[in-house]
There are 2 protein chains.
Amino acid sequence: MDKINALTAFSALSQEIRLDVFRLLIEAGDVGAQAGEIATQLNVRQNTLSANLSVLLNAGLVTNQREGRAIRYFANTNGLRGLLGFLLKDCCGGHPELCEPLIETLTCRPEGDAT
Amino acid sequence: MDKINALTAFSALSQEIRLDVFRLLIEAGDVGAQAGEIATQLNVRQNTLSANLSVLLNAGLVTNQREGRAIRYFANTNGLRGLLGFLLKDCCGGHPELCEPLIETLTCRPEGDAT
DNA sequence: TCGATATTTCAATATTTCATGAAGTATGGA
DNA sequence: TCCATACTTCATGAAATATTGAAATATCGA
């Protein structure tokens with residue numbers, strides 16, 4: 001992950017349709033979603049969605065896989081991981097206290113558990 | 001953190017100067033950096049930097065504090081935390097395996113330790 | 001009060017990004 | 001082979017964003 005990749009990824013996430021798509025795919029997990037399903041769920045035209053999916057693909061934030069006539073998309077966790085690693089580079093080295101609340105945010109636990 | 005905030009934050013990070021500034025401030029940690037120091041380190045004009053700092057402020061990614069004639073800026077960890085929480089909402093609920101590598105990325109440990 | 005320093009605000013131009021209609025490509029079924 | 005389905009690509013005009021010089025604001029020290 002270099003700076004250009006990171007800028008591309010943040011730029012990809014800074015547009016409403018693409019942010020919605022990415023979050024939908026994060027929530028969909030391993031199952032992913034077909035382009036058509038995404039278009040329907042988000043109420044976006046096919047060509048508009050397609051253009052935005054290609055931006056997300058190019059940014060390394062999603063992957064895809066043909067499935068007959070359809071194309072299925074998935075959130076790319078590794079891409080996101082690289083992005084966050086780049087953004088927070090050296091924060092742990094000098095300042096571990098900065099990372100703790102971030103890790104806390106990502107730690108899986110039941111909702112409402114204030115531990 | 002709502003969708004508008006998240007879009008604003010990602011948009012803020014999708015520009016080179018601002019990404020550089022944010023990473024510089026992450027690395028600076030609690031000490032932060034004065035606007036002038038940032039301008040010098042990144043070799044950016046004062047008014048250009050000022051415009052970009054105000055975008056980061058507005059996005060909730062940095063905070064500032066007057067210090068005599070200068071103004072000192074800090075990375076806002078809480079803002080970042082909210083952003084990541086929004087982006088990954090429900091990823092843990094249904095798919096804990098998605099979060100693990102992300103947490104791994106943020107976990108503090110010596111460089112080169114492959115554990 | 002006056003000048004110097006540190007930063008922000010303003011106005012203008014240049015660049016980038018966006019959604020869309022129309023056209024093109026790929027797959028599957030009859 | 002022919003058609004329908006599922007997506008993608010292209011060209012375009014409209015809207016948003018970036019950088020800059022110039023001017024304004026705030027603080028400090030003499």
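First the proteins, then the strands, lettered A, B, ... as listed; each starts at 1. All values derive from a computational prediction rather than experimental measurement.
Residues of residues 40-51 of chain A that place a heavy atom closer than 4.0 Å to DNA chain C, in numerical order, are A:Arg45, A:Asn47, A:Thr48.
Put simply, CG on B:Asn47 and CG on B:Asn52 are 10.0 Å apart, with the number rounded to the nearest 0.5 Å.
For A:Arg23, the salt bridge (charged side-chain N to carboxylate O under 4.0 Å, His left out) test picks out no residue, with sequence neighbours left out. For B:Glu37, the salt bridge (charged side-chain N to carboxylate O under 4.0 Å, His left out) test picks out no residue, with sequence neighbours left out.
Applying side-chain contact (heavy atoms from CB on, under 4.5 Å) to A:Leu53 and the options A:Thr48, A:Asn64, A:Val21 leaves one that passes, A:Val21. Screening B:Leu25, B:Val44, B:Asp20, B:Ile17 against B:Ile38 for a side-chain contact (heavy atoms from CB on, under 4.5 Å) leaves a single residue, B:Leu25.
Counting only residues at least two apart or in different chains, salt bridge (charged side-chain N to carboxylate O under 4.0 Å, His left out) contacts with residues 56-76 of chain A comprise A:Glu67-A:Arg72.
Using modelled atom types, one side-chain atom of A:Asn5 and one backbone atom of A:Asp2 make a donor-acceptor pair closer than 3.5 Å. The backbone N or O of B:Ser11 lies less than 3.5 Å from a partner atom in the side chain of B:Ser14, making a donor-acceptor pair.
Closest-nucleotide positions on DNA chain C for B:Arg72 and A:Gln15 were compared, and the one nearer the 5' end corresponds to B:Arg72.
Atom CD of B:Glu16 and atom P of C:dT16 are 13 Å apart (whole Å). As a whole-Å value, the separation of A:Ile17 CD1 from C:dT17 P is 16 Å.
Distances shorter than 4.0 Å separate none of the side-chain N or O atoms of B:Tyr73 from OP1 or OP2 on C:dA6.
Between A:Val55 and A:Thr8, every side-chain heavy-atom pair lies at or beyond the 4.5 Å cut-off. You'll find the side chain of B:Leu24 stays beyond 4.5 Å of the side chain of B:Tyr73, heavy atoms only.
Taking 4.0 Å as the cutoff to heavy atoms of chain A, we find the contact window on DNA chain D bounded by D:dA4 to D:dT9.
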Protein-nucleic acid N or O pairs under 3.5 Å, nucleotides 25-30 of chain C:
none

